[in-house]
There are 2 protein chains.
Amino acid sequence: MATSTVENYLKAILLRTEGSDHIVSMGVLAEALDVVPGTVTTMVKALAEQGLLDHQSRQGVRLTEAGRQLALGVLRKHRLVETFLVQTLKMDWSEVHEEAEALEHAVSERVLAQIDDFLGHPTTDPHGDPIPDVNGSVAGGAASVTLLNCALNQPLCVARIIDQSPAFLEFVQQTGLKPGARLQVVRREPASGVLHCEVRPGGEVALGLPEAGKIAVRSVS
Amino acid sequence: MATSTVENYLKAILLRTEGSDHIVSMGVLAEALDVVPGTVTTMVKALAEQGLLDHQSRQGVRLTEAGRQLALGVLRKHRLVETFLVQTLKMDWSEVHEEAEALEHAVSERVLAQIDDFLGHPTTDPHGDPIPDVNGSVAGGAASVTLLNCALNQPLCVARIIDQSPAFLEFVQQTGLKPGARLQVVRREPASGVLHCEVRPGGEVALGLPEAGKIAVRSVS
DNA sequence: CGCGGTATTTTGACTAGTCAAAATATAATT
DNA sequence: AATTATATTTTGACTAGTCAAAATACCGCG
Ligand SMILES: [Mn+2]
Ligand SMILES: [Mn+2]
Ligand SMILES: [Mn+2]
Ligand SMILES: [Mn+2]
């Protein structure tokens, strides 16, 4: 079995390469995994040895198909566990990520299958992120329309929260901007850097432009 | 935080000392933890250093109060998780121990509290073992009456399955001898070493005398 | 008492991860 | 083109756990 360290490395790489055929740098990984760059270099060489990723010296890494499958399995566990914690155990939306970070390494395939059944095979987690299926296919990375680049005064629906930081999630929670919420953008003020929108049950919410880019939406009929 | 290795050592000691003020030998621990005796000696010295247990050289170990509290916390997680897996996720009764062995180290206090609420604060796990409460008190080790030493032809109720081995649990499952089941002992045959009992909905079941000693019962009015 | 058998402890070595700090390669500036 | 800044890699050292095998202590027994 892959250790939880290996699982964390592979998942971190997956999250930073999926979509774009990017290569991830040592520095980015060191930052993400909260270790020193030299540690990443060492670890990455070991993982390349095991055929889980490709490493071009002084360039970066990219997952092999074997590594990608393994990472997708971990991501599936992470997101299903998050969904379970929120929906079944009624845990706070903004604290489940941390919990899932540990549980993703302890939940077996057997337990995961039961959780998946129990939840009725959900396709997205509480943040709106897609849950990979058992075979490792992820629902297509839908075009990323956010509050920043969407049409004004059109009925919208929050699809996904891109920033996972607890503080931002807390704000989203408070203002009711969670995935599924209805809203429309009233106006953008490039000068002041503020965007105003009307959230369905909540009322008017103002947020900074960079923050607006963290909320993905889809137009609703 | 205590590592999962430390948690496993302390829990193993607790399970072999609770009740009797026993001291546990290195050999027994090595067997239980599936490591070589020299490893236990090394580890035990480190744990004694941290004040989690007392170690008399060439004699054995006993938990300190700090160690006992820590071990009780792990045991509580283990048994609540087992209960959750069986009751909520409908997992097979004979496979949850193995799962709980891993999850007990990954479930936080926060998640555990939610599980406890969700289940309505159960006091025994699916095997009939008592679940320590939040403050670390365990329901008194009730007198151990088993099928071996109970009265004949009296209405009984299965209280606890003492042997946790998958094979035995499988047998118990099959014959309906699970905790809560009603039964009475029809006769014991010391000569053949077989005991016959009548299980409430199931019918007559025969089991060996050593096996009979693994099923704790309580008389029912 | 002395001897053999068993359990325990020591010793030396190994793996997985990690860090600090020095060495090196690459990219960006003057 | 030479110099500087930045990112990466190396090196040496450390921690937690573990095993194999040798050394040691303790037990009961003749
Ligand atoms: Mn998450
Ligand atoms: Mn993780
Ligand atoms: Mn168990
Ligand atoms: Mn365990």
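Being a predicted model, the structure only gives us computed values, none of them experimental. Within every chain, numbering begins at 1; the chains are lettered A, B, ... in the order of the sequence lines, protein sequences first and strands thereafter.
- Rounding to whole angstrom units, CD of residue B:Glu31 and P of D:dC19 are separated by 13 Å.
- Judged as a salt bridge (Lys or Arg N to Asp or Glu O under 4.0 Å), the pairs with a partner in residues 122-132 of chain B (not counting sequence neighbours) are, in order, B:Arg79-B:Asp125, B:Asp129-B:Arg160.
- Counting only residues at least two apart or in different chains, salt bridge (Lys or Arg N to Asp or Glu O under 4.0 Å) contacts with residues 6-20 of chain A comprise A:Lys11-A:Glu101, A:Lys11-A:Glu104, A:Glu18-A:Arg68.
- Qualifying side chain to side chain contact (heavy atoms under 4.5 Å, CB included) partners for B:Ala159, counting only residues two or more places apart in sequence or in other chains: B:Arg218.
- Here the CD1-CD1 distance, from B:Ile215 to B:Ile161, works out to 4.5 Å after rounding to the nearest 0.5 Å.
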Report summary line: Protein heavy-atom contacts under 4.0 Å, written 5' to 3' over nucleotides 5-13 of chain D as B (base), S (sugar-phosphate only) or - (none), form the string --BBBB---
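- Identified under the ring-ring contact (aromatic ring centres under 6.0 Å, His included) test for residues 56-81 of chain B, with sequence neighbours left out: B:His78-B:His97.
- Computed from coordinates, the A:Asp34 CG to C:dG17 C1' distance equals 14 Å when rounded to whole Å.
- Residue pairs meeting the ring-ring contact (aromatic ring centres under 6.0 Å, His included) criterion with at least one partner in residues 6-59 of chain A, sequence neighbours excluded, are absent.
- In this structure, A:Gln50 atom CD and C:dA16 atom C1' are separated by 11 Å, rounded to whole Å.
- Under the rule for a side chain to side chain contact (heavy atoms under 4.5 Å, CB included), the partners of B:Asn149 that lie at least two apart in sequence or sit in another chain are B:Val145, B:Thr146.
- The distance between atom CE of A:Met43 and atom P of C:dT15, rounded to the nearest whole Å, is 15 Å.
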Report task. Using Watson-Crick or G-U wobble pairs with both distances under 3.5 Å, give me DNA chain D in dot-bracket, 5' to 3', with [ ] for crossers and | for pairs to another strand. Result -> ||||||||||||||||||||||||||||||
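- Rounded to a whole Å, the CD atom of B:Glu49 is 12 Å from the P atom of D:dA16.
- Within the structure, salt bridge (Lys or Arg N to Asp or Glu O under 4.0 Å) pairs that include any residue of residues 31-49 of chain A do not occur (at least two apart or interchain).
- Proximity of A:Tyr9 to the phosphate of C:dA16: no side-chain N or O atom is located under 4.0 Å from OP1 or OP2.
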